[in-house]
Amino acid sequence: MSVHLHWFLPTGGDGRTLVDRHAYTDGGIRRDRITPVSGVRAPDVEYLAQIAKAAEQLGFEAVLTPTGTWCEDAWLTTVALTQVTERLKFLVAFRPGVISPVLAAQMAATYQRISRGRLLLNVVTGGDSTEQKRFGDHLDHDRRYARTDEFLQVVRGVWSGRPFDFRGEHYQVEGGLTALPPDPLPQIFFGGSSAAAGPVAARNVDVYLTWGEPPAQVKEKIDWIRGLAEKEGRTVRFGIRLHTISRDSSKEAWATADRLLDDLDPATVAAAQQALGRSESVGQQRMLALHGGSRDKLEIAPNLWAGVGLVRGGAGTALVGNHAEVADRIEEYHALGVEHFVLSGYPHLEEAYWFGEGVRPELAARGLLPAVPSPLDAVPAANGRPASAPGGAPLLVAGGR
C-alpha cells in the first residue's frame, strides 16, 4: 500500500498568517469596500494556477478544492485549471444538498471528458446550519447525512449508463440517466465523525477522510469505519487532512509555527473559538477539544501541532518538524491504514515546495512513494554540468530558505 499525496487550492485566499483569509473581500458580506489586505493573496486564477503547476511538478497526485460561501466555486475553478496542467487530478468538494444528484453525475461525466479522467469527488454533507441555510438547505444534521446516503446511491445508479429509478425520502428519480458515464468513475471521498456519518461512508464511499487527530484517535476511527464497511460487504480506504510545516531543521519548523501565532491576539482567538463552537459538526468539536482554545500544550502528539485550529475551522492540526520527522509521522499514520494524505500550508505555494522538495524524497527513500523524475534526467551533461547551466556556469546550491 503506497502513499497518495495531495495538496490544497486556497480558493478563499492565501497568505503568510493564520488571520482570516476572507479579509480580502471585507468578510464577503459588505461589498462597499473591497480593499486588498496586507499579507493576503486573493485567489485569482493566475495565483491558483501557480499552486496547481507547482503541485504537479512536485509530484502531488491531486489538489483538494474546498466549497462554501467564502470560496470560489470548486467546479468552475478546477475545470479552468485542467487547461494549464497535464497530470494533476482535482479533488472537487461539493455539497450534495444544493444540487440534483443526476445533474451532479452528469457534471462529473463531462468533467472527466474535459480533463481526460482527472476528477475526484469530495462530498461535504455540512456541519453548520447557518452555512447550509445560506444555500437554502434547512435540514438538520442527521437528516443531511440521510440525504447524502440517498444522493450517492442515485449518483452511482445513473453512472451505470442505463435508466435508473429511485424512490427515497429525499429523492424520487424516474429513468435517471447519464448517457455517457464518466470514464473512469471518479473516486468518492467523504468525511464525518458522527454516528449518522459512519453508515453513509460504509455503504457508499471509496475513501473515508478524517481530520488530523492523534494516531490513537485516528486508529479508532479507522476501526469503526472498517467494521461498518465489512458488514456491508465493502472495503473502504482511508485518508487524512493535515497542514504541514516542514523545514531543514526542527528548530526552523517550530519557529515558523510560533510566528503563525504571533499575529493572533486573545480577542481574535476567542471570537474564532466562539464561532466554531456553534458548529454541529462532530469532527469540528473533536478538533476544538484537542486544544480547548488555549495556546498551552499545542503539540498534542509528537510533531502534531493544534495551533491552526485556534482560528481555522475544519482541519486544525499541522505536522511540524524537520523533513525526516514529518516523514516519520506520515509513515506512522500509514502503518495504521491511511493511504491518502491531503496536505496544505501557509502560504500554499511556498509550503508545497518545502514539502515536495524536503519530505517527498524521504518518503520515496522509504519505499512509500516513487521518486519524482527530474526534468533534467534525460538531458546530456556537458563538462560535468547539465545543459541547463548555459556557458558552463556553476549551479547554485540553495542553503536555508
Side-chain angles (χ1 to χ4, degrees), residues 4-12 43 48 51-52 55 60-79 81-82 88-99 101 103-105 107-109 111-112 115 117-128 131-132 135 137 144-145 147-149 151-156 159 182 184-194 197-198 200-212 221 225 236-243 281 283-284 287 312-316 338-344 348:
H4 299 269
L5 295 177
H6 313 290
W7 198 242
F8 185 83
L9 279 178
T11 57
L48 296 176
I51 297 173
F60 290 97
E61 183 176 331
V63 285
L64 170 64
T65 310
T67 185
T69 301
W70 312 114
C71 307
E72 297 289 5
D73 178 76
W75 293 92
L76 294 174
T77 301
T78 57
V79 81
L81 296 176
T82 64
L88 188 69
K89 296 177 182 179
F90 294 90
L91 179 51
V92 174
F94 72 100
R95 298 175 187 269
V98 297
I99 187 173
L103 177 58
M107 290 167 63
Y111 196 115
Q112 287 296 60
S115 69
R118 291 191 279 151
L119 174 66
L120 307 170
L121 293 175
N122 182 33
V123 177
V124 180
T125 300
D128 183 346
E131 173 81 1
Q132 294 300 124
F135 285 92
D137 179 13
R144 290 199 294 269
Y145 278 102
R147 180 181 57 198
T148 295
D149 195 358
F151 183 98
L152 293 175
Q153 291 179 56
V154 173
V155 166
R156 291 199 183 277
W159 276 347
L185 295 180
Q187 292 184 72
I188 295 175
F189 290 63
F190 167 94
S193 299
S194 68
V200 180
R203 284 191 287 266
N204 299 287
V205 309
D206 300 301
V207 179
Y208 174 83
L209 278 176
T210 178
W211 286 325
K221 276 191 175 181
I225 296 296
V236 175
R237 299 187 300 279
F238 297 94
I240 194 167
R241 175 78 179 88
L242 289 156
H243 305 280
S281 166
Q284 181 63 72
M287 282 281 101
R312 185 195 194 277
V338 177
E339 293 181 54
H340 293 266
F341 291 80
V342 184
L343 308 171
S344 55
H348 289 77

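Owing to the predicted nature of the structure, the values given are computational and were not obtained by experimental measurement.
Figure legend: cation-pi geometry between Arg156 and Phe151 absent, as NZ or CZ is not positioned both under 6.0 Å from the six-membered ring centre and within 45° of its axis.
Taking the six-membered ring where tryptophan is involved, the planes of Tyr208 and Phe238 are perpendicular, since the angle between them exceeds 60° and thus also 30°. Relative ring orientation between Phe190 and Tyr145 is described as perpendicular, the plane-to-plane angle rising above 60° on a 0-90° scale split at 30° and 60°.
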| request: Evaluate the criterion side chain to side chain contact (heavy atoms under 4.5 Å, CB included) for residue pair Leu119 and Trp75; output intermediate values, then yes/no. | output: CA-CA 10 Å; Leu119 174 66; Trp75 293 92; 4.2 Å; yes
| field | Step-by-step side chain to side chain contact (heavy atoms under 4.5 Å, CB included) determination, Leu121 to Gln187 | value | CA-CA 6 Å; Leu121 293 175; Gln187 292 184 72; over 6 Å; no
| request: Quick one: do Leu9 and Leu81 satisfy side chain to side chain contact (heavy atoms under 4.5 Å, CB included)? Show the steps, please. | output: CA-CA 11 Å; Leu9 279 178; Leu81 296 176; 3.5 Å; yes
| message | Go through it in stages, so that I can follow the logic: the residues are Val205 and Val236, the test is side chain to side chain contact (heavy atoms under 4.5 Å, CB included), and I'd like the CA-CA distance, side-chain angles, deciding distance and then a yes or no. | response | CA-CA 7 Å; Val205 309; Val236 175; 4.3 Å; yes
| message | Quick one, Phe8 with His348, criterion ring pair (Phe, Tyr, Trp, His ring centres under 6.0 Å). Give me CA distance, side-chain angles, the key distance, then yes/no. | response | CA-CA 7 Å; Phe8 185 83; His348 289 77; 5.4 Å; yes
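You'll find the side chain of Asp206 stays beyond 4.5 Å of the side chain of Pro186, heavy atoms only. Contact annotation: the side chain of Thr11 approaches that of Pro66 to within less than 4.5 Å [non-hydrogen atoms, C-beta and beyond]. The shortest distance between side-chain heavy atoms of Ser193 and Lys221 falls below 4.5 Å. The shortest distance between side-chain heavy atoms of His340 and Leu5 does not fall below 4.5 Å. Trp70 is not listed as a side-chain neighbour of Pro43, based on a closest heavy-atom distance of 4.5 Å or more. Within the 4.5 Å cutoff, no side-chain heavy atoms of His4 are placed close to those of Val207. Taking the side chain as every heavy atom from C-beta outward, Asn122 and Val92 never approach each other to under 4.5 Å.
Residues Pro10 and Ile51 share a closest heavy-atom pair of CD-CD1, 3.5 Å. Residue Ala55 comes nearest to Leu88 through the heavy atom pair CB-CD1, 4.3 Å, listed as atom of the first residue, atom of the second, then distance. Closest heavy-atom contact between Val124 and Ala93: CG2-CB, 3.9 Å. Contact detail for Val342 and Trp7: the closest heavy-atom pair is CG1-O, 4.2 Å. When all heavy atoms of Pro182 and Ala108 are compared, the pair lying nearest together is CB-O, 4.2 Å.
Defined by atom type and a distance below 3.5 Å, a donor-acceptor pair is present between the side-chain atoms of Thr125 and Thr148. With no hydrogens or angles considered, a side-chain donor-acceptor pair links Thr78 and Tyr111 at under 3.5 Å. Looking only at atom types and distance, the side chain of Arg241 has a donor-acceptor partner in the side chain of Ser344 under 3.5 Å away. For the 3.5 Å distance criterion, the side chains of His6 and Glu61 fail to qualify, holding no donor opposite an acceptor.
Proximity of a side-chain donor or acceptor of Trp159 to a complementary backbone N or O of Ala105 within less than 3.5 Å is detected. Counting only distance, with no hydrogens or angles, the side chain of Glu72 and the backbone of Gly12 share no donor-acceptor pair below 3.5 Å.
In this structure, the separation between CG on Leu91 and CZ on Arg118 is 14.0 Å, given to the nearest 0.5 Å. To the nearest 0.5 angstrom, Trp211 atom CH2 is 10.0 Å from His243 atom NE2. In this structure, Ile99 CD1 and Phe94 CZ are separated by 7.0 Å, a value rounded to the nearest 0.5 Å.
Using a cutoff of 4.0 Å between basic side-chain nitrogens and carboxylate oxygens, Arg95 and Asp73 are not scored as salt-bridged.
Residues meeting the side chain to side chain donor-acceptor pair (under 3.5 Å) test with Asn204, sequence neighbours left out: Asp149. In this structure, Arg312 has no salt bridge (Lys or Arg N to Asp or Glu O under 4.0 Å) partners at least two apart in sequence or on a different chain.
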